[in-house]
Asker: 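Encoded as structure tokens, here's the structure I'll be asking about.
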There are 2 protein chains.
Amino acid sequence: MTTEEKRFQEKIKAIQDTMFVIGGKWKIPIILSIYSGNKRFNDISNSIPKITNRVLSKELKHLEENFLIIRSIVSDYPVRIEYAVTSYGLGLEEIAKPLESWGKKHKQKIKGK
Amino acid sequence: MTTEEKRFQEKIKAIQDTMFVIGGKWKIPIILSIYSGNKRFNDISNSIPKITNRVLSKELKHLEENFLIIRSIVSDYPVRIEYAVTSYGLGLEEIAKPLESWGKKHKQKIKGK
DNA sequence: GATACTTGTATCCAAAAGGATACTTAATAT
DNA sequence: ATATTAAGTATCCTTTTGGATACAAGTATC
């Protein structure tokens, strides 16, 4: 395998790693929701059309395991749970932006046909 | 629903649209493979570890339907099939790059723990 | 004439992702 | 005492994605 080919394989692996962490229908929307001010489970749930509790719960766990968000218990009366995007998670902006703008462009392209 | 909320919903939809078109484990790698010089079915197949014929075939169709690649029959002896990235497809660079570099960063992060 | 290569397709199956619905547990509000 | 809210979990099910393997049609090569 040439150096060139090796470099290509690494590129592929890096992209597949990313897709594993933030791929799928919901993960980026969830992060954006939290980022845009929704801290609590039901707030996040209500801000994202069609997501179910089960899916949201699972995705929150996945995101937490990957250090993108944190879950904290606020000792207030009554106690509540709050989610926040970590500073590491903020780095996803570099991906979310392109994904959003490409999606908009593509919709135009498809409609135009 | 406030204007702010409406804007947020559109953002989500745009991202979900993008994920539909280029999400999953293989689509970006396939495009990159073609872009980096592999034009023929078996070349593409061999350049991407672990992909199977069936999956490659399906993904090529999906990508073609979304105008990202074109399939052409080269009337030579023997006739062969060649794939190429369309100029529209080249626009994906703006997504592929961030996905790659984020993946690399993330691997470091995970290893560091 | 037999064999191999190319570009797939056909079948079948397994795993992952996503969805519907009901329920829980603790706390608080009426 | 009853109802409501919050933050999920539990079960069950459907759909999507991905994988293994075999095969096919056409051409070319031995």
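Below, chain A is the first sequence line, B the second, and so on; all start at residue 1.
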Asker: Do A/E4 and B/S36 have a side chain donor and acceptor closer than 3.5 Å?
Answerer: no
Asker: Nearest whole angstrom, please: distance from the P of C/dG8 to the CG of B/L63.
Answerer: 13 Å
Asker: Considering only C/dG8, D/dA7, C/dT9, which nucleotide approaches the side chain of B/I81 most closely?
Answerer: C/dG8
Asker: Between A/D76 and A/R80 (salt bridge meaning N to carboxylate O under 4.0 Å), is one present in this structure?
Answerer: yes
Asker: Could you tell me how far apart A/K39 (NZ) and D/dG8 (P) are, to the nearest whole angstrom?
Answerer: 15 Å
Asker: Report yes if a side-chain nitrogen or oxygen of A/R40 is closer than 4.0 Å to either non-bridging phosphate oxygen (OP1 or OP2) of D/dT5; otherwise report no.
Answerer: no
Asker: Rounding to an integer number of Å, can you tell me how far B/H62 NE2 sits from D/dG18 C1'?
Answerer: 15 Å
Asker: Are the charged groups of B/R7 and B/E5 less than 4.0 angstrom apart, N to O?
Answerer: no
Asker: Indicate whether the side chain of B/E94 and that of A/S101 have a donor and an acceptor atom separated by less than 3.5 Å.
Answerer: yes
Asker: From CG of B/L56 over to P of C/dT9, roughly how many Å is that when rounded to an integer?
Answerer: 10 Å
Asker: Whole angstrom is fine here: how far is it from OH in A/Y77 over to P in C/dA27?
Answerer: 12 Å
Asker: For a quick check, with a 4.0 angstrom heavy-atom cut-off, what is the B/S/- contact string for nucleotides 13-22 of chain C, read 5' to 3'?
Answerer: -----BBB--
